[in-house]
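As structure tokens, the structure follows; a few thoughts come after it.
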2 protein chains.
Amino acid sequence: MDFQKELDYRATEVDRILVRELPKVEGYQANLFDAMRYSVLVGGKRLRPILMQETFKLFGGHSEAIEPFMAAIEMIHSYSLVHDDLPAMDNDMLRRGNPTTHAKYGEGLGILAGDALLNYGFEVALRAFDRAPEDKDRIIKSLKILADKAGAFGMVGGQVVDIEESRQNGISLNRLNFLYSKKTAALIEAAMMIGAVLAGADDQHVKTIEEVAHKIGLAFQIRDDVLDAIGDEETLGKEVGQDARNQKVTYLSFVGLDRAKEEVNRLSDEGITTLLSLPYENRFLTKLLEFLVHREK
Amino acid sequence: MDFQKELDYRATEVDRILVRELPKVEGYQANLFDAMRYSVLVGGKRLRPILMQETFKLFGGHSEAIEPFMAAIEMIHSYSLVHDDLPAMDNDMLRRGNPTTHAKYGEGLGILAGDALLNYGFEVALRAFDRAPEDKDRIIKSLKILADKAGAFGMVGGQVVDIEESRQNGISLNRLNFLYSKKTAALIEAAMMIGAVLAGADDQHVKTIEEVAHKIGLAFQIRDDVLDAIGDEETLGKEVGQDARNQKVTYLSFVGLDRAKEEVNRLSDEGITTLLSLPYENRFLTKLLEFLVHREK
């Protein structure tokens, strides 16, 4: 099977888990459940749950605790998109060609569906205690990672700097690095670290995985900037040049296109070299990390 | 010491815990931390943490796990107010005489401060594992209660029905009961149940406490409706009659003022009688429940 087919297969498996773990559409709050399901199931590459599962496999994981956490991280990722799209934030009506949650359900329900999905991430992750009672300590450690990386010290912290950037002139490169580290890399770190923790990796290995995920996460975000600038030439049918039109400060504003490309390669190479330094191997994971930072769309 | 002084003293103790557990205002996301602290510390009666602590005392609790959960439930309550006040929701610029979070920090940061506080509620609650490692199972049970009562099956579920009510004509009494049960009672149930669980109460007693909290929570909300209607005569300097002016359907719309007052008394009496049926006693808690449902403001 080729890589893309394997990836699609894994995404389908994640979808199956998500469909199962999401609430049924019933009861007085049926519209909320409907908006939650829509927000999560409307699409997505499911990269975070897949990264979690593949890191789990890397360390030879066997635990029923993994699936609740795979669902949880995708719900938290989904909530962040729902709130990002709100009128007071990026004000997007479309995401991957479909109406955003607030465009479809109204702004009030957009806010509440996001809130409910963030909360539900923790509800679902807590199910791991019932599925794998013998893994209590690993689950506790994973919950702490999830909460830390998703919140004010992680993703939300990055998001705040992002909305401030658009209001202020003159963001520093240090501040931009913080933004990318938190807004994009933090949840990727959580995904891979939790995969390692639930598989029983020791603290040193979890730290190594955090470093790998951090570099891949940064490379992933800088690749995004690069694609926005050169997508016109390299891909077909994608709206590009938005950052320039919106006068958005990106990595390219500081170092230019060529050095940004070099930085993607450097971060990606370092991340993968670190991964390969571990006494375990998962070829699909290595390919996935390469794919993430060299993707054309 | 009289009751009001004792209550004030306890609220001050809760404030001390909150100040300690909230993030310091520093780093790139300093504005977020500032908005989080403002949202929580600007005011509030701290009823939920106090109810938690008093229920904990009722069952003779001794555990360092209680303070993280007291802080967590107040952060989650605060986030719900921050999001309730947003333009797409109730659109309130003032709360207790102070600017609401979005009025002070802008709508984007209002949304993100709410997100961060919800997430931070779980981060803080998870600290209980470090403070009281011997109480692991009670902490896990408490986390599940917190997540369940705050989310789509609890508070957020009620909030959705509330915003739908204002858009639709003709809410049924059953639907209104659901709304009050979830939007108001659910977090009060969580507060008291977690106090019981962390003190080591058995499942039957936790169930009894849930029933008490449910009735007090409903009575509390109906008392709110009553006060809005009769505050003019009974209290001074409070804006009343808002429900009528906004054509908001409340409990009074269905049963009128006198029967609503009776219902408050009935629910409150039943709740307190159930509480007193337990083989434990906490007079302050009993007084507090009476105070909540008979308050004049």
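Letters go in sequence order (proteins before strands), and every chain restarts at 1.
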> So, Asp225(B) side chain and Tyr251(B) main chain: donor-acceptor pair closer than 3.5 Å or not?
Replying inline: yes

> Could you name the residues of residues 66-74 of chain A that have a heavy atom within less than 4.5 Å of a heavy atom in chain B?
Replying inline: none

> Listed by residue number, which members of residues 184-193 of chain A have a heavy atom under 4.5 Å from any heavy atom of chain B?
Replying inline: none

> Checking heavy atoms, do the side chain of Met155(B), its backbone, both or neither come under 4.5 Å from chain A?
Replying inline: neither

>> Side chains of Ser78(A) and Ser39(A): any donor to acceptor distance under 3.5 Å?
In response: no

>> With a strict 4.5 Å heavy-atom criterion, list every residue of residues 195-203 of chain A that contacts chain B, or say none.
In response: none

> Mind checking whether Tyr38(B) and Asn98(B) have side chains closer than 4.5 Å, heavy atoms only?
Replying inline: yes

> Which bit of Tyr120(B) comes within less than 4.5 Å of chain A, counting heavy atoms only: side chain, backbone, both or neither?
Replying inline: side chain

>> For Leu112(A) versus Leu32(A), what's the shortest heavy-atom pair and its separation?
In response: O-CD1, 3.9 Å

> Can you check whether Thr100(B) reaches Leu94(B) side chain to side chain, under 4.5 Å on heavy atoms?
Replying inline: no

> Val156(B) versus Asn119(A): any side-chain heavy-atom pair under 4.5 Å?
Replying inline: no

> What part of Phe153(A) lies closer than 4.5 angstrom to a heavy atom of chain B: side chain, backbone, both or neither?
Replying inline: both

> Given that the side chain runs from C-beta out, which part of Leu86(B) has a heavy atom under 4.5 Å from chain A: side chain, backbone, both or neither?
Replying inline: side chain

> Are there residues of residues 128-145 of chain A that reach to under 4.5 Å of chain B by heavy atoms, and which ones?
Replying inline: Phe129(A), Asp130(A), Lys136(A), Asp137(A), Ile140(A), Leu143(A), Lys144(A)

